[in-house]
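Below, chain A is the first sequence line, B the second, and so on; all start at residue 1.
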Amino acid sequence: MRIVTWNINSVRKRLPLLLQVMQDLRPDIVCLQEIKGETHVFPSEALQNAGYSHQFVRGMKAYNGVAILSRVPLSGQTATNWVGRDDARHIAALLPGGIELHNFYVPAGGDIPDRTQNEKFAHKLDFMAEMAVWAPRGKDKPRLLVGDLNVAPLPEDVWSHKQLLDVVSHTPVEVEALSRIQEAGGWTDALRQRFPIPERLYSWWSYRAADWAASNRGRRLDHIWLSAPLAGTLRDAGIYKKARGWAEASDHAPVWVDLAL
DNA sequence: ATGGTTGCATGGCAA
């Protein structure tokens with residue numbers, strides 16, 4: 001089974017690119033973040049025609065929003081509010097065989113890495129603290145956690161560890177918060193399993209670079225984690241960097257895994 | 001140190 005996660009940065013704007021990703025990677029399941037629209041404007045029919053007839057969409061106006069698109073049946077759909085906000089940052093569903101799939105869009109956290117000066121950074125840290133409390137529940141079940149976690153945890157997950165130590169997404173306090181979630185849930189980082197340190201891995205490149213590929217100032221913000229019972233099913237994984245180079249691309253590249261389920 | 005781009009919605013916020 002192939003599972004893709006992608007921060008698409010508006011599903012309406014990038015529907016043709018999503019269909020291209022589906023054609024190129026032939027995933028069984030696609031998890032999207034930042035669909036940026038209410039549920040009723042989601043392009044359900046076009047994606048159903050592409051073979052993804054099982055859909056779970058949680059949108060909102062203008063911001064955030066997550067979706068799971070699947071060729072195989074979904075059940076037990078849930079949508080959780082974190083830090084008491086109804087801001088469409090998480091959904092989950094059961095795959096055949098009772099595997100839990102969690103799709104997250106963790107808050108980006110604003111620009112200033114200080115919770116006293118920046119409410120958005122406080123929200124991000126609080127969100128991750130709640131995830132760490134949630135994570136141990138069912139850690140012995142087969143589960144996947146995918147999505148834009150907005151943290152690049154390892155020095156090899158950013159273009160310059162030194163220059164990003166004080167930049168939101170790679171600060172020690174965020175790395176520590178993400179690590180707590182990972183340890184609490186017993187999660188295996190699928191991409192790092194496939195591409196161990198010191199390989200550099202990025203899934204996001206800023207729109208603001210004059211030439212994103214030449215400067216290659218990337219960060220690995222998008223992740224696929226496997227619970228212990230699933231860790232042994234990992235067969236392959238990758239980042240579809242090609243999609244970052246397409247016309248009118250998302251600033252994130254799709255990340256994928258193949259599991260022997 | 002600064003400013004650089006994009007999407008939504010149509011001003012300014014969020015990323």
Lys NZ or Arg CZ of Arg143(A) over Trp134(A) ring: under 6.0 Å, within 45°: yes

Cation-pi geometry met for Arg89(A) and Phe104(A) (6.0 Å, 45°): no

Given Thr5(A), Leu101(A), Leu69(A), the one that forms side chain to side chain contact (heavy atoms under 4.5 Å, CB included) with Ile29(A): Leu101(A)

Geometric cation-pi criterion, Arg244(A) with Trp212(A): 6.0 Å, 45°: yes

Asp157(A) (side chain) donor-acceptor with Leu154(A) (main chain) under 3.5 angstrom: yes

Pairwise P distance for dT2(B) and dG7(B), with rounding to whole Å: 27 Å

Sugar-phosphate only, base, or nothing, as touched by Arg217(A) at under 4.0 Å among non-hydrogen atoms: nothing

Length of the line joining Arg14(A):CZ and dT6(B):C1', which is rounded to integer Å: 8 Å

Interatomic distance at C1', dG12(B) relative to dA1(B), whole Å: 25 Å

Nucleotides 10-15 of chain B: protein proximity per nucleotide (B base, S sugar-phosphate only, - neither; heavy atom, under 4.0 Å): ---BSB

Atom-pair distance (CD1 on Ile8(A); P on dT6(B)), nearest Å: 17 Å

Basic-acidic side-chain contact under 4.0 Å: Arg235(A), Asp258(A): no

dA9(B) and dC13(B), which share atom name P, separated by this distance in whole Å: 16 Å

Separation between the P atoms of dC8(B) and dG4(B), rounded to whole Å: 22 Å

